[in-house]
2 protein chains.
Amino acid sequence: MALTPTDQLHFAWLARCFGKTDYLPLSPTDLAALSHAGSFIDKYQGTHLFREGEPAVHAYVIEKGEVELYRTINGIRRVVARAGEGNVLGDIAMFRSEPYISSARAIGPVSAFRFDRDKLMPVLIQHPVITLRWLVAGLGQLEATQRRVLRLMSRTVKEQVAELLIDEADDMGEVHLSQNTIATLLGASRQTVNEALSELRRDEAVETGYRHIRVKDATKLGMIASPQGTVRRVKAVSN
Amino acid sequence: MALTPTDQLHFAWLARCFGKTDYLPLSPTDLAALSHAGSFIDKYQGTHLFREGEPAVHAYVIEKGEVELYRTINGIRRVVARAGEGNVLGDIAMFRSEPYISSARAIGPVSAFRFDRDKLMPVLIQHPVITLRWLVAGLGQLEATQRRVLRLMSRTVKEQVAELLIDEADDMGEVHLSQNTIATLLGASRQTVNEALSELRRDEAVETGYRHIRVKDATKLGMIASPQGTVRRVKAVSN
DNA sequence: CCCATATAGTCGGGGAACCGACAGTTCTGA
DNA sequence: TCAGAACTGTCGGTTCCCCGACTATATGGG
């Protein structure tokens, strides 16, 4: 199979994504094999990569752009996570042959590599190194989710906002999220997030604007995010 | 390598654990390969399988008994999860070559199969089917964790307690956990859990005793756990 | 350029849950 | 058997946060 120069670039990028843990490098053979397992696609802003409940025949690796993962429970739409460059989506449902557990919507223009389930499985059987890498990547995501659970527990909204700002800030210390979006990401109300931001502004840690927050003092923000003085009593737990 | 009758039983059990998704059955060759990747061990009550921060050279599959996973943050000991028969522990850290992110303590007598990192990796490269199965198992855990995050958000302690009781109840509808343990599992205070249990008792859904709760009406409990009338307004989220 | 829409900012009421404290009960080991 | 430890049950004060309501400002399409 002949690869166009554009495809070469694509696969080089794909190797970077899976190579983040620099554990077992992907060989050129592996990359060529993956080209048979799916194809590159583009999505316009607002369109869905997949929807909750659909049979999961595809998994995606985001190449460019951001995707919003959300679930609808009792008519309540809840943003579960945001996925950016290098994130893998839908692999859980695809591997488990279950319906997608969440919907994925493109926040802006998105380029992605779409794996085809029926084509991918044989490739993975033939290329255990790729499978192992995928395993490591999936477990990394699991760890991140567990960390998120712990972050959510026993922390005020102000602390959570501070931490989220640190995570989402770009090189310039700028965050381009509406307060409403932040609130949904944290599972808090817009008003409380607004109040938290007001305090952070009073603390001279950030500046706020229309759909725009600038981190003035990342160190101070870090102090607020994980307060050290909050050492509560430890209750021993037996069964 | 000669397998003792006991080992045969062990491996049959191990196959069941990995085979829960009945996707790609493990072959006898696979089982034999796994026997080289580690060994069966027994742990007494209260002893640790591993501790937070230690280099992760082992992963465990629980064969019998229950294990408590906890982390210590700012001197606060937090139970992250409980693992029972068939659960895989420590694989995240082991595969990612990072220190264990939590401690694992045997709640009672525990039997487990302990994988040895250096022995396991070559086996996985040679047996992609096992790797794929492990991948599926890991992703299943990821899904469960994500579900847990969603369960935690926007639910009262009473609802959470009801759901936990359904999950943890045995065949007889009995739960053998102290209120303190339940509180820690849910990230709530003991008093609030006690209050929730009092209400559940008033609702005639459960009976309570010393380290002992009996589910009287599982249906009613389910209704309380996931209330249908709680349809709140949906705010659209754009970025 | 104007207006519908989206976002930001603020206030007050009310509810859920945390926390400390304390009394009563059950268990456990010496 | 007996004392200390662990567990349950309850109360009141306090904090945090959700929610509704309202105003002001920014954006973007026609």
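Throughout, a chain's letter reflects where its sequence line sits, starting with A, and its residues are numbered from 1. Here the structure is a predicted model, which means the values were calculated and not measured.
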Sort me out a list of protein N/O and nucleotides 8-12 of chain D N/O pairs below 3.5 Å, or just none if empty.
unit_1: D:dT8; atom_1: OP1; unit_2: B:Gln179; atom_2: N; d: 3.4
unit_1: D:dT8; atom_1: OP1; unit_2: B:Arg211; atom_2: N; d: 3.4
unit_1: D:dT8; atom_1: OP2; unit_2: B:Gln179; atom_2: N; d: 2.9
unit_1: D:dG9; atom_1: OP1; unit_2: B:Thr208; atom_2: OG1; d: 3.2
unit_1: D:dG9; atom_1: OP2; unit_2: B:Gln179; atom_2: NE2; d: 2.7
unit_1: D:dG9; atom_1: OP2; unit_2: B:Asn194; atom_2: ND2; d: 3.4
unit_1: D:dG9; atom_1: N7; unit_2: B:Arg190; atom_2: NH1; d: 3.3
unit_1: D:dG9; atom_1: O6; unit_2: B:Arg190; atom_2: NH2; d: 3.0
unit_1: D:dT10; atom_1: OP2; unit_2: B:Ser198; atom_2: OG; d: 3.4

[X] side-chain N/O to [Y] backbone N/O, donor-acceptor pair under 3.5 Å:
X: B:Arg214; Y: B:Glu207; value: no
X: B:Asp170; Y: B:Met172; value: yes
X: B:Ser103; Y: B:Glu52; value: yes

Report the residues that fulfil ring-ring contact (aromatic ring centres under 6.0 Å, His included) with B:Phe50, sequence neighbours left out, ordered by chain and then residue number. B:Tyr60, B:Tyr100
Terminal axes of the helix from C:dC1-D:dG30 to C:dA30-D:dT1 (five pairs each): angle between them, nearest 10 degrees: 50°
note: A:Ile213, atom CD1; C:dT7, atom C1'; distance rounded to Å ~ 12 Å
Distance in angstrom units between A:Leu200 CG and C:dA8 P, rounded: 15 Å
Testing B:Leu200, B:Leu185, B:Asn194 one by one against B:Val161 for a side chain to side chain contact (heavy atoms under 4.5 Å, CB included), which residue passes? B:Leu200
Can you name the closest pair of heavy atoms from [X] and [Y] and give their distance?
X: A:Val136; Y: B:Arg96; result: O-NH1, 3.4 Å
X: A:Leu139; Y: B:Ile92; result: O-CG2, 3.6 Å
X: B:Gln179; Y: B:Val193; result: O-CG1, 4.0 Å

Identify all pairs in which a protein N or O lies below 3.5 Å from an N or O of nucleotides 15-17 of chain D, and state each distance.
unit_1: D:dC17; atom_1: OP1; unit_2: A:Val157; atom_2: N; d: 2.6

Not counting sequence neighbours, which residues clear side chain to side chain donor-acceptor pair (under 3.5 Å) with B:His48? List them please. B:Arg51, B:Tyr70
The side chain to side chain donor-acceptor pair (under 3.5 Å) partners of B:Glu98 (sequence neighbours excluded) come to none
